[in-house]
Undergrad: 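I have a structure here, written as structure tokens, and I will follow up with some questions on it.
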Amino acid sequence: MNSIKRFFTDRESLAPALVTVFAGLFSLLAGIVLIFIVSKNPVQSVRNFLLAPFLRSYNFYYLLIVMVPITFTGLALCIVYQLRYMSLIVDASFYTGAVVATALGTLISLPSGVHPAVAMIAAGIVGGLIGLLPAILKIRWRANELVSSLMLNYVFYFLGSFVILYYLRDRSQTILSSLPFKKTFLLPRLVANTQLHVGFLIAAGFVVLVSIFLYRTRWGYEIRLTGANPRFAMYAGIPVTSVILYAHFISGFLGGVGGAVEMSGLYRAFIWQMNPSYAWDGVIVAMLARRNPKFVPLSALFFAYLRVGADFMSRRGDVAFEFITLLQGLIILILASDRIVNYFRERQLRKQLLKNSQGESK
């Protein structure tokens with residue numbers, strides 16, 4: 001009770017939460033205003049947008065399904081953001097993890113339960129190795145991790161597409177599709193006659209594991225301290241380079257596992273015609289969660305709510321689904337402006353402290 005009371009009375013604890021809530025509410029209101037501007041039947045469109053997940057049980061289960069991949073990418077980016085790095089290589093880790101899982105799901109035979117687990121581990125390892133690349137480029141050649149990760153995402157997307165097209169493609173299909181997955185590779189359904197799969201529980205389990213890792217282990221403490229002040233961490237005897245590398249590996253590992261879970265839980269074959277780019281969704285989720293994995297489920301639920309509402313509205317009305325990208329931009333803008341304000345506030349505070357110390361010395 002005391003910790004809850006302190007949270008609501010401490011401005012430093014309450015302010016970030018209020019900004020996050022404001023970002024979500026403002027994006028919703030801005031979306032409603034936009035719908036009234038562009039839609040010929042705005043009342044019906046707004047109803048579809050706001051109430052879609054609750055109009056049918058199928059829509060609600062669809063919302064939970066949408067949460068799964070962005071939970072994995074959100075967790076992955078929480079770890080990277082704790083380091084104050086801006087790498088988006090988790091997109092390549094996720095996509096390549098799906099390709100690796102597809103190869104194992106179509107070419108080898110293993111018992112049920114073991115088969116998807118092996119695919120997830122293999123996809124996670126490959127995703128982790130991919131996640132290391134921007135960190136290595138930054139450490140060795142001081143390459144900007146954001147630029148290098150964005151470029152590498154294209155490299156691994158085309159590499160994965162090449163593997164599917166020339167080695168795993170089902171030639172009997174008229175569309176680009178891999179060979180069908182073996183039944184032992186597929187994850188069981190949580191609810192009959194729906195697509196809600198066990199991957200939802202796996203994602204929830206990883207939320208707990210990542211939270212424990214970041215806030216209850218020495219390795220997580222090293223990541224947070226390195227991100228807060230790498231020079232101090234180095235003076236304290238923490239191997240900063242090693243911390244950066246294993247943090248990026250774990251982030252990529254989560255992305256690779258997420259890709260494998262998406263394949264084994266939701267699909268019967270690899271049918272992606274283009275990169276789904278779940279990393280960009282993960283950016284919003286991680287920012288709304290304030291880099292804290294404990295809050296990733298809530299931010300993933302909110303973002304999935306927006307996506308399901310926009311999808312349902314675009315199918316039933318005249319507002320395109322792409323309007324969700326505008327809401328994403330607004331959320332990023334509000335959260336980024338909060339960081340800018342904090343930056344100038346900290347600068348002003350440092351100047352004031354320096355001025356006061358100089359005055360005392362005189």
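Residue indices begin at 1 and follow the sequence shown.
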Undergrad: For Y58 and Y62, take the angle between the two ring planes, folded into 0 to 90°, and tell me which bin it lands in: parallel under 30, tilted 30 to 60, perpendicular over 60.
TA: parallel
Undergrad: To the nearest 0.5 Å, tell me how far E222 CD sits from I244 CD1.
TA: 12.0 Å
Undergrad: Could you tell me whether the side chain of S149 and the main chain of S87 form a donor-acceptor pair under 3.5 Å?
TA: no
Undergrad: Roughly how far, to the nearest 0.5 Å, is CG of L165 from OG of S177?
TA: 11.5 Å
Undergrad: Less than 4.5 Å apart, any side-chain heavy atom of S27 and any of F302?
TA: yes
Undergrad: So with a 6.0 Å cut-off around CZ of F26, is the heavy-atom count from everything else above 12?
TA: no
Undergrad: Tabulate below the donor-acceptor pairs under 3.5 Å that side-chain atoms of residues 65-75 make, not counting sequence neighbours, or state none.
TA:
{"from": "T71", "atom 1": "OG1", "to": "M67", "atom 2": "O", "distance (Å)": "2.6"}
{"from": "T73", "atom 1": "OG1", "to": "P69", "atom 2": "O", "distance (Å)": "3.3"}
{"from": "T73", "atom 1": "OG1", "to": "I70", "atom 2": "O", "distance (Å)": "3.3"}
{"from": "T73", "atom 1": "OG1", "to": "Y278", "atom 2": "O", "distance (Å)": "3.2"}

Undergrad: Scan residues 94-122 for pairs that pass side chain to side chain donor-acceptor pair (under 3.5 Å), counting only residues two or more places apart or in two chains.
TA: Y95-S161, H115-T184
Undergrad: Could you check whether R307 pairs with D311 (Lys NZ or Arg NE/NH1/NH2 to Asp/Glu carboxylate O, under 4.0 Å)?
TA: no
Undergrad: What closest approach, in Å, do A310 and I324 show between heavy atoms, and which atom pair accounts for it?
TA: CB-CB, 4.2 Å
Undergrad: Would you say M151 ends up clustered with F158 if hydrophobic residues are merged whenever their side chains have heavy atoms under 4.5 Å apart, either directly or through other cluster members?
TA: no
Undergrad: Roughly how far apart are S57 OG and L196 CG, rounded to 0.5 Å?
TA: 11.5 Å
Undergrad: Which heavy atom in F253 sits nearest to a heavy atom in I125, and how many Å separate them?
TA: CD1-N, 3.7 Å
Undergrad: Tell me whether V90 is reachable from Y154 by hopping between hydrophobic residues (I, L, V, M, F, W, Y) whose side-chain heavy atoms are closer than 4.5 Å.
TA: yes
Undergrad: Got a sec: does the CZ of R224 have more than 12 other heavy atoms crowding it under 6.0 Å?
TA: yes
Undergrad: Check whether any side-chain heavy atom of L306 sits under 4.5 Å from a side-chain heavy atom of L28, and report yes or no.
TA: yes
Undergrad: Take atom NZ in K182; do more than 12 heavy atoms of anything else shown fall under 6.0 Å from it?
TA: yes
Undergrad: Establish whether V99 and M274 are linked, either directly or via other cluster members, by ILVMFWY side-chain heavy-atom contacts under 4.5 Å.
TA: yes
Undergrad: I need the L64 CG to H197 NE2 distance, nearest 0.5 Å.
TA: 10.0 Å
Undergrad: Please report the closest heavy-atom contact between Q82 and R291, naming both atoms and the distance.
TA: NE2-O, 2.9 Å
Undergrad: Under a single-linkage definition using a 4.5 Å side-chain heavy-atom cutoff for Ile, Leu, Val, Met, Phe, Trp and Tyr, are V147 and Y157 assigned to the same hydrophobic cluster?
TA: no
Undergrad: Do V261 and V198 pass the side-chain contact (heavy atoms from CB on, under 4.5 Å) test, and can you show the C-alpha distance, the side-chain angles, and the key distance before you say yes or no?
TA: CA-CA 9 Å; V261 169; V198 172; over 6 Å; no
Undergrad: State whether the side chain of S251 and the backbone N or O of A76 hold a donor-acceptor pair below 3.5 Å, judged by distance alone.
TA: yes
Undergrad: Is there a side-chain contact (heavy atoms from CB on, under 4.5 Å) between F232 and I238 once you walk through the steps?
TA: CA-CA 9 Å; F232 176 79; I238 294 175; over 6 Å; no
Undergrad: Is there side-chain contact between R47 and L55, with heavy atoms separated by less than 4.5 Å?
TA: yes
Undergrad: Closest heavy-atom contact between A135 and L245?
TA: CB-CD2, 4.2 Å
Undergrad: Quick check: closest heavy atoms across L77 and G282, and the distance to 0.1 Å?
TA: CD1-C, 3.4 Å
Undergrad: Is any side-chain heavy atom of I271 closer than 4.5 Å to one of L176?
TA: no
Undergrad: Could you tell me whether the side chain of L83 reaches within less than 4.5 Å of the side chain of H248, counting heavy atoms only?
TA: yes
Undergrad: Please answer: with hydrophobic residues joined when any side-chain heavy atoms are less than 4.5 Å apart, are I212 and W219 in the same cluster?
TA: no
Undergrad: Taking the side chain as C-beta and beyond, is there a heavy-atom pair between D281 and Q328 under 4.5 Å?
TA: yes
Undergrad: Would you call S45 and M313 a side-chain contact if the rule is heavy atoms closer than 4.5 Å?
TA: yes
Undergrad: If you round to the nearest 0.5 Å, how far is CZ of R290 from OH of Y81?
TA: 13.0 Å
Undergrad: Can you tell me if Y221 has over 12 outside heavy atoms packed within less than 6.0 Å of its OH?
TA: no
Undergrad: Under 4.5 Å between side-chain heavy atoms, chaining through other members, with only Ile, Leu, Val, Met, Phe, Trp and Tyr counted: pull out the rest of the cluster around V155, sorted by chain and number.
TA: none
Undergrad: Can you see whether N41 engages S39 through a side-chain donor-acceptor pair at a distance of less than 3.5 angstrom?
TA: no
Undergrad: Assess whether atom OH of Y215 is packed by more than 12 heavy atoms of other residues, nucleotides or ligands within 6.0 Å.
TA: yes
Undergrad: Let's go through Q195 and Y61 carefully: what are the C-alpha distance in whole Å and the side-chain angles of both, what is the deciding distance for side-chain contact (heavy atoms from CB on, under 4.5 Å) to 0.1 Å, and is it a yes or a no?
TA: CA-CA 8 Å; Q195 290 185 306; Y61 291 128; over 6 Å; no
Undergrad: Please lay out, stage by stage, how V210 and C78 fare under the test side-chain contact (heavy atoms from CB on, under 4.5 Å).
TA: CA-CA 9 Å; V210 174; C78 278; 5.7 Å; no
Undergrad: Taking side chain as C-beta onward, heavy atoms only, is M120 less than 4.5 Å from I202?
TA: yes
Undergrad: Closest heavy-atom contact between V308 and P53?
TA: CG1-CG, 4.1 Å
Undergrad: Describe, in one word, how the ring planes of F54 and Y305 are oriented to each other, choosing from parallel (under 30°), tilted (30 to 60°) and perpendicular (over 60°).
TA: tilted
Undergrad: Quick check for you: to the nearest 0.5 Å, what is the distance between L133 atom CG and I89 atom CD1?
TA: 6.0 Å
Undergrad: With side chain to side chain contact (heavy atoms under 4.5 Å, CB included) as the test, pick out the partner of F36 among V38, I32, L34, V33.
TA: I32
